[in-house]
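Notes follow the structure.
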Amino acid sequence: MKKPFHFAESLLNWYKNNARTLPFRNEVSPYAIWISEVILQQTRVNQGLEYYRRFMARFPNIKSLAESTEEEVLKIWQGLGYYSRARNLHEAAQQIMSLYHGQMPSSYQELKKIKGIGPYTAAAISSIAFQEVIPAIDGNAKRVFSRFLGINTPVNTSSGSVLIEKAAFSFIDPFQPGNFNQAVMELGAMICTPKRPSCTNCPLLSECIAYKENQIEYIPLKVKKHVVKERSIFYFVFYSKAEDTVQLIMHQRTRNDIWKGLYDFPSLEFNEAMNVQKVIESEILKQQFPYVKFAELQSINGPLKHILTHRILWLHFSVYELSVMPHIENKNHTIYTLHEVLGLPLPRPIEIFLKEFMGKTILV
Ligand code: SF4
């Protein structure tokens, strides 16, 4: 095993001279570190930065986040995906207000008790804000450590995780754990990238086993865990025009499923491919949305393909004009003006549909 000091020293020297300037770097506020870590999970840095700035401007501290509504948080998050992150942040802020007097706990173990804060985020906050000596292991760190040590055990198995964690504990600099963790992640993001890593610019090159043994393209090894499922969603866009106001029936997604808490249109969903004509003529449609009988079908759009992590969605949009808005019995369906709809938290494809297609359909 390499001497920990050698690894940390080479890495930290490189980090000092090469780290990107990001607004949350040098940040000591645990709240800001928490928000930046959550936003940057599963998000490219450029996109994440814009959301980070907007989020911090709207919710500058735990109190303001806790006192907002879930819808306000989802609206700021709109377009970033993985909406459970936003819902968890909101709930966590309320938990911190009630259980920790509004102060983020400072230890790894205590942080993990908070809603949505897993081992990686707890380690990032406790090491960067409170200098706790604990490695923060994300996908970048797994790649760097497994390549450096030539680990052939899949990194997404428990035995792989144990090996990576052992390596990280042996390498971490006990005097600068926060910088060390950020340096590992930065190296993974900038140099030791998944494809075509820039090894000749890497401070670990001389000792890297994957490089020496020509194993870079095979490490990190992963076992496939998820099968991508397909789903067809048939949206029914019911609207009416009265003078210069347009009203729409919107549906709030309340189930533990994709886009929970966000708004889309009334829909029928199937876990298989379906023929759109058969769906719009089906009895089930008339039973679920009786007012479809009084509506005029204006257009059928789609399917629009939308990819989520473990799902491919095929979205169909049937647009219906109603002469008057009906009485609505379904408690998840609500009538809004178009202006109000644009202020609701919307999944990305619904936002795109509304802007591109409804603009053409309604405003003619
Ligand atoms: S030498 Fe190449 S493979 Fe090894 S850690 Fe550096 S960038 Fe990654």
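Every number for a ligand or one of its atoms is a count from 1 in the order of the listing.
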### Message
Centre-to-centre under 6.0 Å for Y291 and Y320, is that the case here?
### Response
no
### Task
Keeping waters out of it, list the protein N, O or S atoms under 2.8 Å from atom 8 (Fe) of ligand 1.
C192 SG
#### Entry: Check ion pair K75-E72 (N to O, under 4.0 angstrom)
no
### Query
Honestly, is R54 close enough over Y51, meaning NZ or CZ under 6.0 Å from the six-membered ring centre and within 45° of the axis?
yes
### Task
For this output row, return yes or no: ring centroids of Y15 and F180 closer than 6.0 angstrom.
no
### Message
If we ignore hydrogens and angles and just use 3.5 Å, is the side chain of T193 paired with the main-chain N or O of K195 as donor and acceptor?
### Response
yes
### Task
Report the C-alpha distance between E91 and R87 in whole Å, list the side-chain angles of each, state the deciding distance to 0.1 Å, and finish with yes or no for salt bridge (charged side-chain N to carboxylate O under 4.0 Å, His left out).
CA-CA 6 Å; E91 201 178 323; R87 290 192 300 272; over 6 Å; no
